[in-house]
Amino acid sequence: MSRIISIANQKGGVGKTTTSINLAACLAASGKKVLLADLDPQGNATSGIGFNKDDLSPNIYEMLIQKAAPEDTIRRHPFIKNLHIIPSNIELVGAHNDLHDDPRKYFKLKHSLQKLLANHNFEYILIDCPPSLGILTVNAMIASDDLLIPIQSEYYAMEGVSLIIKTLQKIRKKANTSLNLFGVVLTMYDMRTNLSRQVEEEIRKHFTGRVFKTVIPRSIRLGEAPSHGMPIILYDLRSAGSQAYIKLTEEVLERYGRK
């Protein structure tokens with residue numbers, strides 16, 4: 001059984017794309033067949049694992065507006081055997097206008113991924129969502145089995161999180177009754193500061209039993225890796241950021257009972 005996971009937070013700068021790239025890479029490196037769907041017009045997940053986002057066609061935008069077959073959009077990662085991506089770029093900004101009058105506009109991604117899964121045995125599909133709760137993120141959540149929320153370990157960490165939880169609840173009622181809050185992952189954690197520990201305590205109280213034990217540290221190496229087009233496990237396997245994402249992946253697999 002495949003699992004589709006939306007990685008979302010409408011607040012930017014929380015480590016959402018970093019988590020999408022590195023969780024996908026670590027799952028693939030563990031032997032799982034993984035598809036990373038870049039649903040952010042910025043295309044940072046695409047460039048962050050080594051593809052030139054400006055030169056890739058067909059891409060996820062063309063898939064959503066039904067100008068490309070879903071299977072034609074898939075690219076295989078050159079170094080991580082089981083990792084695949086559906087790329088994105090700035091063209092995806094046009095999706096809102098192009099889909100505006102379509103009565104099935106919120107189900108386009110679900111339809112495309114269902115077609116893919118009929119012919120490809122991906123064990124995990126991870127969707128890197130844009131930092132908003134617009135048409136693209138709603139498409140992702142309707143298409144998904146699970147929602148993973150990265151939250152940064154900073155003062156305004158909880159700001160706006162209630163909005164994504166409300167969106168989750170609305171989608172459960174109206175469009176995807178099985179959508180599950182899979183977990184919350186703390187990012188940009190600085191164990192030297194009282195603030196990170198205080199934020200961690202608050203988040204663990206608020207999301208009782210949903211927060212992963214593994215926290216993702218604030219890391220220069222994690223920040224550098226995307227500029228080299230590499231997941232952290234390729235850029236610096238021994239770094240604290242790499243080891244954290246490996247541990248997070250182990251937790252994810254444990255939650256699914258697939259370790």
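This chain uses plain numbering: 1 for the first residue, then up along the sequence.
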Passing option when Leu126 is tested against Leu27, Ile21, Leu35 for side chain to side chain contact (heavy atoms under 4.5 Å, CB included)
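Single pass found, and it is Leu27.
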What pairs of donor and acceptor atoms, side-chain ones from residues 90-99 against any protein atom, are under 3.5 angstrom apart with sequence neighbours left out?
unit_1	atom_1	unit_2	atom_2	d
Glu91	OE1	Asn59	ND2	2.9
Asp98	OD2	Tyr61	OH	2.3

Which residues pass the side-chain contact (heavy atoms from CB on, under 4.5 Å) test with Thr167, not counting sequence neighbours?
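side-chain contact (heavy atoms from CB on, under 4.5 Å) list for Thr167, sorted by chain: Leu133, Met141, Ile171.
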Answer whether the closest heavy-atom distance between the side chains of Pro131 and Asn9 falls below 4.5 Å.
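A side-chain contact under 4.5 Å is absent here.
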Less than 6.0 angstrom from the centroid, inside 45 degrees of the normal: does Lys32 satisfy that with respect to the ring of Tyr124?
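The answer is no; the distance or angle limit is not met.
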Would Arg104 and Phe107 count as a cation-pi pair here, with the cationic atom under 6.0 angstrom from the ring centre and within 45° of the axis?
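Here Arg104 passes the 6.0 Å and 45° test against Phe107.
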Inspect the contact between [Y] and [X] and indicate whether a charged nitrogen and a carboxylate oxygen are less than 4.0 angstrom apart.
X	Y	value
Lys205	Glu202	no
Arg204	Glu200	yes
Lys108	Asp102	yes

Could you tell me the separation between the [atom1] atom of [X] and the [atom2] atom of [Y], rounded to the nearest 0.5 Å?
X	Y	atom1	atom2	value
Arg238	Ile232	CZ	CD1	13.5 Å
Ile7	Asp128	CD1	CG	7.0 Å
Leu222	Asn22	CG	CG	6.0 Å
Leu195	Asp190	CG	CG	9.0 Å

Please tell me whether Glu251 and Thr214 have a donor and an acceptor in their side chains that are separated by less than 3.5 angstrom.
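Side chains of Glu251 and Thr214: pair found under 3.5 Å.
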Residues in ring pair (Phe, Tyr, Trp, His ring centres under 6.0 Å) with Phe182, at least two apart?
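Result, ring pair (Phe, Tyr, Trp, His ring centres under 6.0 Å) vs Phe182: Phe212, Tyr256.
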Please identify each residue that fulfils ring pair (Phe, Tyr, Trp, His ring centres under 6.0 Å) with Tyr106, with sequence neighbours left out.
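Scan of Tyr106 (ring pair (Phe, Tyr, Trp, His ring centres under 6.0 Å), adjacent residues dropped) gives none.
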Honestly curious: do Leu163 and Leu179 fall in one hydrophobic cluster under the side-chain, below-4.5 Å linking rule?
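Result: yes, single cluster for both.
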Do you reckon Ile4 sits in the same ILVMFWY cluster as Ile142, going by side-chain contacts under 4.5 Å, direct or chained?
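Yes, Ile4 and Ile142 fall within the same hydrophobic cluster.
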How would you list all residue pairs meeting ring-ring contact (aromatic ring centres under 6.0 Å, His included) that involve residues 235-254, not counting sequence neighbours?
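For residues 235-254: His228-Tyr235.
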If you look only at distance, which donor and acceptor atoms sit under 3.5 Å apart when one is on a side chain in residues 151-162 and the other is two or more places apart or in another chain?
unit_1	atom_1	unit_2	atom_2	d
Ser153	OG	Thr187	O	3.0
Glu154	OE2	Arg218	NH2	2.5

